[in-house]
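Beneath this line is the structure, given in structure tokens, with notes to follow.
Proteins get letters first, then strands, A, B, ... in listed order; numbering begins at 1 in each. Atoms considered below: every heavy atom in the structure, side chains included; atoms not considered: hydrogens, waters and symmetry mates.
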Protein chains: 4
Amino acid sequence: MNDAQPVKKTSRIQLRNRKLILEAALEVFSQHGYRGATLDQIAVEAGLSKPNILYYFDGKEDIHVTLLNQLMDIWLAPLREIDPQGDPLKEVLRYVQRKLEMSRDLPRESRLFANEVLQGAPRMVPHLETVLKPLVDETATLIKRWVAAGKLAPVDPRHLLFSIWATTQHYADFDAQVQVLMGDAPVYEGASAHLDRMFRRLLAP
Amino acid sequence: MNDAQPVKKTSRIQLRNRKLILEAALEVFSQHGYRGATLDQIAVEAGLSKPNILYYFDGKEDIHVTLLNQLMDIWLAPLREIDPQGDPLKEVLRYVQRKLEMSRDLPRESRLFANEVLQGAPRMVPHLETVLKPLVDETATLIKRWVAAGKLAPVDPRHLLFSIWATTQHYADFDAQVQVLMGDAPVYEGASAHLDRMFRRLLAP
Amino acid sequence: MNDAQPVKKTSRIQLRNRKLILEAALEVFSQHGYRGATLDQIAVEAGLSKPNILYYFDGKEDIHVTLLNQLMDIWLAPLREIDPQGDPLKEVLRYVQRKLEMSRDLPRESRLFANEVLQGAPRMVPHLETVLKPLVDETATLIKRWVAAGKLAPVDPRHLLFSIWATTQHYADFDAQVQVLMGDAPVYEGASAHLDRMFRRLLAP
Amino acid sequence: MNDAQPVKKTSRIQLRNRKLILEAALEVFSQHGYRGATLDQIAVEAGLSKPNILYYFDGKEDIHVTLLNQLMDIWLAPLREIDPQGDPLKEVLRYVQRKLEMSRDLPRESRLFANEVLQGAPRMVPHLETVLKPLVDETATLIKRWVAAGKLAPVDPRHLLFSIWATTQHYADFDAQVQVLMGDAPVYEGASAHLDRMFRRLLAP
DNA sequence: CATGAATGAGACTTCATTCAT
DNA sequence: CATGAATGAAGTCTCATTCAT
């Protein structure tokens with residue numbers, strides 16, 4: 001009957017509320033995980049009623065998936081910024097620092113992602129395969145070329161990436177433990193220096 | 001809270017069933033997280049009835065806490081095995097390999113722990129402070145001594161430990177992602193060589 | 001309740017939209033029943049927005065009642081057409097055929113009505129008493145007169161009407177079952193012949 | 001792990017409560033339809049708590065399906081009792097009376113069935129095809145044989161069955177309307193006589 | 001030691017209706 | 001005349017826990 005697609009005009013309010021909800025959901029999901037989070041919490045955090053949340057999203061899972069997909073773009077940005085024309089060592093070390101900054105500035109995003117992968121990434125495997133894998137493959141090729149050209153010490157590109165991700169995100173994901181062990185001491189300054197030295201020593205040709 | 005411990009005579013069956021339950025709970029909790037896990041799943045996995053589970057433990061949380069505390073002993077064993085009299089570089093590199101082996105052989109334990117810390121370690125902070133922190137402080141002192149003696153390259157001991165934990169546990173905690181990116185390629189062989197080189201370069205004086 | 005009728009100027013658009021809504025509601029109500037139908041479905045079916053629907057009707061129930069009342073007029077038309085001056089047998093048999101045709105051509109109306117009566121006709125009893133009953137009483141009197149005059153075989157007029165209604169509407173109301181049992185065979189041709197013979201034999205003096 | 005099928009020992013209580021629930025559900029479903037019925041109503045009617053209802057059945061639909069399947073057996077019993085060796089006319093007329101009695105004594109079952117078929121029998125088509133159709137096919141063959149043998153007047157067996165079902169069940173399904181039109185007059189006596197005469201005239205050879 | 005039975009609290013979701021423009 | 005936004009009430013279902021044997 002009505003073939004006209006209901007091209008939802010995303011009005012000002014629409015945009016604002018969707019943002020409000022996603023922001024609230026990020027807070028709640030990253031803290032309690034998917035199952036641990038409740039729509040009630042998200043609604044309160046967003047300052048909206050529960051049914052109103054469901055007016056903007058199709059359900060709890062829809063919010064979660066939307067969040068994860070949005071996240072991936074932000075999350076992979078630094079990897080995309082590695083300049084194939086740049087100085088190899090400098091490029092990689094800059095990537096490490098960028099990742100560490102993200103860990104410091106966007107810890108909720110890091111935890112949201114960790115939560116999801118930790119449970120087998122049930123809602124993300126497709127995305128990982130279509131978006132992350134090609135990008136990683138490409139980066140691996142680049143690093144191999146750099147190694148072959150003698151610009152970097154020999155290293156397995158994928159394990160290198162794992163190490164970078166693991167060490168940088170650790171400060172966000174395992175923050176509770178870091179807090180206990182570091183007390184009041186500043187964390188990120190030391191981390192920055194430590195990681196810079198570690199990866200510099202690993203990769204300096 | 002309830003200090004009046006019901007001095008249960010721990011019979012043979014008691015012990016067996018407690019073990020069954022904890023084993024089942026490890027499986028379920030590590031896969032779905034605390035909130036995502038249900039007593040039903042644990043009961044089925046353990047082959048016991050739900051009320052029977054609650055005969056052995058005071059509730060869901062009790063099982064979880066017991067599991068986490070038990071885990072910590074296993075988890076910290078390699079750290080305790082570092083020999084202050086041994087060769088510093090060798091000792092640390094051995095620790096890295098031990099941790100990597102644990103990640104491979106006990107991934108559920110790793111994920112259980114990660115899940116908990118990720119959510120702020122609400123049920124573990126006391127344990128972390130009383131058990132983990134002193135041990136880490138002690139190890140940090142040892143490493144500092146080694147560094148001062150010129151046996152290791154200068155390094156912040158705590159950030160070193162973080163890097164070791166992060167890189168080794170990554171293979172268990174982020175397994176879903178590693179699988180996607182590594183495909184059928186063997187993972188642990190490469191990881192072992194990579195981490196050995198990385199920490200050797202970092203620490204060789 | 002609210003006697004202050006909001007004397008709506010029934011413009012062209014008004015009329016068109018009311019018709020659109022009632023047509024959509026007929027479709028939806030007859031398929032899912034009163035409780036099973038939703039305003040959303042009706043709105044989509046009518047190509048109008050939900051609040052707009054409520055601009056034309058006071059609520060879900062209002063639409064339903066309006067529909068039922070409208071229906072009754074159509075539904076009872078054949079009964080009103082029975083000609084007291086006509087040939088008794090011919091008149092009744094023609095009525096049977098007219099009802100069967102309505103069952104074939106207006107199955108949604110039949111089901112809507114059936115749905116309502118099936119659930120005790122909560123929204124229709126008054127209408128039944130004030131409109132249907134007098135008409136049936138009148139028709140019963142007519143049939144009794146015809147029987148008394150020897151123009152029809154002795155028959156209880158009300159049970160006769162029940163039988164006519166039941167057998168003709170069955171093809172609309174129990175269509176799902178008829179489909180299963182008749183397969184691809186044509187239904188209404190056989191039904192027409194069968195019912196004609198049945199009521200002819202019953203009533204031929 | 002546990003291969004032993006959990007052969008739910010249907011204890012005394014189990015049996016009693018399942019019966020209680022089905023009885024309550026029959027009452028509620030037959031009155032309000034599937035969608036119109038609520039677990040709350042069923043729970044109250046059964047005198048059990050809502051979660052307890054769900055301890056015995058997997059959900060609303062499970063109750064409904066169970067009810068419908070049970071019903072079919074009762075419902076088709078009279079059809080199965082038609083004796084191929086008996087006197088044709090007598091057998092069919094007895095069937096009519098048995099169906100009419102069921103309409104009088106089990107009106108809720110009749111309405112439950114009508115409700116379901118009216119909405120397209122979404123939960124019953126398979127059952128209709130595998131259970132009802134073969135039985136009807138068989139009966140149709142029998143009737144055809146009787147007609148061919150001159151024991152019954154020529155009649156389409158399926159339309160005959162439709163007419164029997166329609167006219168007898170009408171008194172249960174359209175009871176609300178029958179009540180309005182018959183007032184205090186006894187219904188089933190007249191119906192019995194009327195239907196007996198109608199089908200006798202139709203079928204007498 | 002063990003379990004079938006039961007439930008209160010709370011989770012997600014639907015929907016008729018109202019609000020505000 | 002029309003609609004995007006919002007919500008209270010209610011519905012189905014889950015789950016940790018308790019009861020009673």
Completion exercise
In Watson-Crick or G-U wobble terms, with both distances under 3.5 Å, the base opposite dA6(E) is dT17(F)

Handout entry: Protein-nucleotide distance (Leu54(A), atom CG; dA10(F), atom P), rounded to Å
Key = 18 Å

Completion exercise
So CG of Asp58(C) and CD1 of Ile63(C): to nearest 0.5 Å the spacing works out to 9.5 Å

Practice task
Please check the phosphate of dA6(F) (OP1 and OP2 only) for any side-chain N or O of Tyr56(A) closer than 4.0 Å.
Solution key: yes

Exercise for the section: Starting from C1' on dC1(E), measure out to CD1 on Ile21(B) and report it in whole angstrom. Expected result: 12 Å

Exercise for the section: Output yes when at least one side-chain N/O atom of Arg35(A) is less than 4.0 Å from OP1 or OP2 of dC15(F), else no. Expected result: yes

Exercise for the section: Determine whether Thr38(A) and Gln41(A) make a side-chain contact, defined as any pair of heavy atoms from C-beta on separated by less than 4.5 Å. Expected result: yes

Handout entry: Side chain of Asn17(D) - closest among dA5(E), dA2(F), dG8(E)
Key = dA5(E)

Practice task
Report the residue (Ala37(C) or Tyr34(A)) whose heavy-atom-nearest nucleotide on DNA chain E is the more 5′ of the two.
Solution key: Tyr34(A)

Problem - dC1(F): pairing nucleotide in any strand, Watson-Crick or G-U under 3.5 angstrom - result: none

Completion exercise
note: Ile53(A), atom CD1; dG8(F), atom P; distance rounded to Å ~ 14 Å

Exercise for the section: Evaluate side-chain hydrogen bond (donor to acceptor under 3.5 Å, both in side chains) for His64(A) paired with Arg123(A), printing each intermediate quantity in order. Expected result: CA-CA 9 Å; His64(A) 196 234; Arg123(A) 283 166 283 270; 3.2 Å; yes

Exercise for the section: Using a cut-off of strictly less than 4.0 Å, decide whether Tyr55(A) has a side-chain nitrogen or oxygen near OP1 or OP2 of dA6(F). Expected result: no

Handout entry: Distance test, side-chain N/O of Asn52(D) to OP1/OP2 of dT7(E), below 4.0 Å
Key = yes

Handout entry: Whole angstrom value for the distance that separates P of dA6(E) from CG of Leu39(B)
Key = 20 Å

Exercise for the section: Take atom CZ of Phe57(A) and atom P of dT14(E), then tell me their distance rounded to the nearest Å. Expected result: 16 Å

Exercise for the section: Using atom CD of Gln41(A) as one end and atom C1' of dG10(E) as the other, report the distance to the nearest whole Å. Expected result: 12 Å

Problem - 5' precedence on DNA chain F between Thr38(D) and Leu48(A) (nearest-nucleotide basis) - result: Leu48(A)

Exercise for the section: Establish, with yes or no, whether the OP1 or OP2 oxygen of dG4(E) is under 4.0 angstrom from a side-chain nitrogen or oxygen of Arg16(D). Expected result: no

Handout entry: CA sep, side-chain torsions, deciding dist, call: Glu23(B), Arg108(B), salt bridge (Lys or Arg N to Asp or Glu O under 4.0 Å)
Key = CA-CA 10 Å; Glu23(B) 161 64 25; Arg108(B) 299 177 307 176; 3.0 Å; yes

Fill in the blank from the handout: To the nearest angstrom, the NZ-P distance between Lys60(D) and dG11(F) comes to 9 Å

Practice task
Kindly point out which of dT17(E), dC13(F), dC15(E) is positioned nearest to the side chain of Lys50(D)?
Solution key: dC13(F)

Practice task
Determine whether more than 12 heavy atoms belonging to other residues, nucleotides or ligands lie under 6.0 Å from atom CG of Asp73(C).
Solution key: yes

Problem - DNA chain F: 5'-proximal contact among Asp40(D) and Ser49(C) (nearest heavy atom) - result: Ser49(C)

Practice task
May I ask you to verify if any side-chain N or O of Gln14(B) is less than 4.0 angstrom from the OP1 or OP2 atom of dC1(E)?
Solution key: yes

Problem - Nucleotide dC15(F), atom C1' - distance to NE2 of His32(B) in whole Å - result: 15 Å

Exercise for the section: Can you label the angle between the Tyr34(A) ring and the Phe29(A) ring as parallel, tilted or perpendicular, going by 30° and 60°? Expected result: parallel

